[in-house]
Amino acid sequence: MRMVGLTLEAVGCRAAVGSRCLVESSDGKQIEAEVVGFSNERLFLMPTGEIQGLEPDCRVIPSGRTCSVGVGVQLLGRVIDGAGYPLDGKGGLGVEQFRSLIGTPINPLARARFARLWM
């Protein structure tokens, strides 16, 4: 519906904060975006890739996925970007397992108390 800076606003779909959506441009190119917030019927998305070609009324498709990355021996010797996509021109990664990038937050106070016990 709208784009302000790098924040996209979408209406007409539902997705949880932290989940991924695909934004389809008029030329059929799909851009991945993460849901970072919502207000009433609006979703706020941050694109994780190139945003050229986006215009009003682009289609937003919730993927049902969260932030995750492929893991396994298939990654040995490969060069990937921050989103886990290959940069080395050797084709797809062929990973079979994925791990969430969203972990349980650590309580820094509890960690500091634990560290003092061992000093």
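In what follows, every heavy atom counts, from backbone to side chain, and hydrogens, waters and symmetry copies are set aside. Numbers here are sequence positions counted from 1.
- Both V36 and F38 sit in one connected hydrophobic cluster of ILVMFWY residues. Membership requires side-chain heavy atoms under 4.5 Å apart, directly or through other members.
- Other residues, nucleotides and ligands contribute at most 12 non-hydrogen atoms within 6.0 Å of the CZ atom of R14.
- How far CG of L6 is from CG of L54: 10.5 Å, rounded to the nearest 0.5 Å.
- If you chain together hydrophobic residues whose side chains sit under 4.5 Å apart, V11 and L8 never meet in one group.
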Kindly list each side-chain donor-acceptor pair under 3.5 angstrom involving residues 40-48, sequence neighbours excluded, with atom names and distances?
from	atom 1	to	atom 2	distance (Å)
R42	NH1	E9	OE1	3.1
T48	OG1	E32	O	3.1

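- Here the closest non-hydrogen pair linking V35 and A16 is CB-O, 3.4 Å.
- Atom CD1 of I61 and atom CG of L22 lie 6.0 Å apart (nearest 0.5 Å).
- Membership of an apolar cluster is not assigned to Y85, as no side-chain contact below 4.5 Å to another ILVMFWY residue is traced.
- Distance check: C58 SG to Q30 CD gives 11.5 Å after rounding to the nearest 0.5 Å.
- Across all non-hydrogen atoms, the minimal contact from P86 to I80 is CA-CG2, 4.1 Å.
- V71 and V95 fall into different hydrophobic clusters, defined by Ile, Leu, Val, Met, Phe, Trp and Tyr side-chain heavy atoms under 4.5 Å apart, directly or through other members.
- Distance CZ/R78 to CG/D88: 4.0 Å, rounded to 0.5 Å.
- More than 12 heavy-atom neighbours from other residues, nucleotides or ligands sit within 6.0 angstrom of CD on E50.
- Residue C13 comes nearest to P62 through the heavy atom pair CB-CG, 4.0 Å, listed as atom of the first residue, atom of the second, then distance.
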